[in-house]
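These numbers were taken from a predicted model, which means no experiment stands behind them.
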Amino acid sequence: MNEITASGGVLFVRGVHERQLKRRYGEHAHDPHSLALQYCLERVNFYAESEGIRNIQIVADKVSDPAAHEGMLKRYKLLGSTEGYVGSDLAHIDFSFRWEDSREYFGLQAIDTALFILNRAVRLNRDDMSSKGDREVLKTAQILLPHLHRSSGISYLQNRKSYYLMPELYPGYQK
């Protein structure tokens with residue numbers, strides 16, 4: 001996690017309530033992975049625009065049908081906006097994605113690990129931090145917190161709540 005933060009990058013984490021998505025849209029629901037990718041790209045695009053970054057190259061974990069994912073997103077770009085609550089033209093996203101196998105690409109392995117740690121940290125029982133393992137997860141998550149973009153968030157389905165990964169959610173967080 002120290003290597004990720006030392007890179008100077010900004011982390012964007014977005015997720016989808018898969019069960020709620022299927023319950024709401026049934027057979028018409030989009031693929032959850034494609035939707036989470038869309039949401040993340042929308043935020044990355046807004047960030048690039050606000051920072052004056054012209055073009056963002058995407059390196060993503062290899063999927064079974066990368067052409068389908070890229071096709072959906074290119075369609076949004078051609079239409080001028082993505083679907084949903086936060087539409088975006090994705091003007092700052094380069095659509096020649098690099099699809100890499102995360103088992104062989106160190107950067108994607110690091111991000112997978114960061115997502116695992118953050119996801120686990122959100123699910124900790126903050127009223128009982130007696131477990132050394134839980135305290136270590138929290139300590140590791142705290143390394144990442146200053147590098148998370150403010151729009152980052154993951155869901156905690158057991159409590160039917162969404163927690164945004166902000167410092168105030170973590171007892172003992174220190175800047």
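- For the pair D101/E104, a side-chain contact is recorded, criterion being any heavy-atom separation below 4.5 Å from C-beta on.
- Using a 4.5 Å cut-off between side-chain heavy atoms of Ile, Leu, Val, Met, Phe, Trp and Tyr, with links allowed through other members, V59 and V44 fall into different hydrophobic clusters.
- Taken to the nearest 0.5 Å, the CG atom of L138 stands 10.5 Å off from the CZ atom of R120.
- Partners of R54 according to the salt bridge (Lys or Arg N to Asp or Glu O under 4.0 Å) rule, which considers only residues two or more places apart in sequence or in another chain, do not exist here.
- In the hydrophobic clustering of ILVMFWY residues, with side-chain heavy atoms under 4.5 Å counting as a link, L37 and L79 come out apart.
- Judged as a side-chain hydrogen bond (donor to acceptor under 3.5 Å, both in side chains), the pairs with a partner in residues 55-66 (not counting sequence neighbours) are, in order, D61-S102.
- Using a 4.5 Å cut-off on side-chain heavy atoms (C-beta onward), R43 and Y47 make no contact.
- The shortest distance between side-chain heavy atoms of T5 and P146 does not fall below 4.5 Å.
- In this structure the side chain of I58 never reaches within 4.5 angstrom of the side chain of D94, judged on heavy atoms.
- Applying the 6.0 Å contact sphere to CD of E51 captures more than 12 heavy atoms from other residues, nucleotides or ligands.
- Remark: the backbone N or O of V63 is not paired with any side-chain donor or acceptor of H69 at under 3.5 angstrom.
- Contact detail for R135 and S130: the closest heavy-atom pair is NH1-O, 2.7 Å.
- Considering CD1 of I117 and CD of Q142, their distance stands at 12.0 Å, rounded to 0.5 Å.
- In terms of hydrophobic clustering, with Ile, Leu, Val, Met, Phe, Trp and Tyr side chains grouped at heavy-atom distances under 4.5 Å, V10 and L41 are assigned to a common cluster.
- E136 and K132 are not joined by a salt bridge, as no carboxylate oxygen comes within less than 4.0 angstrom of a charged side-chain nitrogen.
- For the 3.5 Å distance criterion, the side chains of Q38 and H30 fail to qualify, holding no donor opposite an acceptor.
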task = Let me see the working for I143 and I4 under side-chain contact (heavy atoms from CB on, under 4.5 Å), right down to the final yes or no.
result = CA-CA 9 Å; I143 294 168; I4 290 173; over 6 Å; no
task = Dump the intermediate steps for side-chain contact (heavy atoms from CB on, under 4.5 Å) on R75 and E70, then the final yes or no.
result = CA-CA 8 Å; R75 179 178 154 260; E70 282 190 53; over 6 Å; no
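- The minimum heavy-atom distance between G87 and F46, with the atom names listed, is O-CZ, 3.3 Å.
- One finds the NZ atom of K74 at 8.5 Å from the CZ atom of F97 (value rounded to the nearest 0.5 Å).
- With rounding to the nearest 0.5 angstrom, the CG atom of L11 is 5.5 Å from the CG atom of L148.
- A 6.0 Å sphere centred on CZ of F116 holds no more than 12 heavy atoms belonging to other residues, nucleotides or ligands.
- Hydrophobic clustering (ILVMFWY, side-chain heavy atoms < 4.5 Å, transitive): Y105 and I111 are in distinct clusters.
- Atoms OH and CG, from Y76 and L78 in turn, are 12.5 Å apart once rounded to the nearest 0.5 Å.
- Under a hydrophobic clustering in which Ile, Leu, Val, Met, Phe, Trp and Tyr are joined whenever their side-chain heavy atoms come within less than 4.5 Å, directly or via other members, W99 and I93 fall into the same cluster.
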task = For S88 and N45, run side-chain hydrogen bond (donor to acceptor under 3.5 Å, both in side chains): C-alpha distance rounded to whole Å, both residues' side-chain angles, the deciding distance at 0.1 Å, then the answer.
result = CA-CA 8 Å; S88 172; N45 188 69; 3.0 Å; yes
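- A heavy-atom distance below 4.5 Å is not found between the side chains of M1 and K139.
- Separating the CG atom in L35 from the CD atom in E18 is a distance of 10.5 Å, to the nearest 0.5 Å.
- Contact record, G15 with A36: CA-CB, 4.5 Å, taken as the closest heavy-atom pair.
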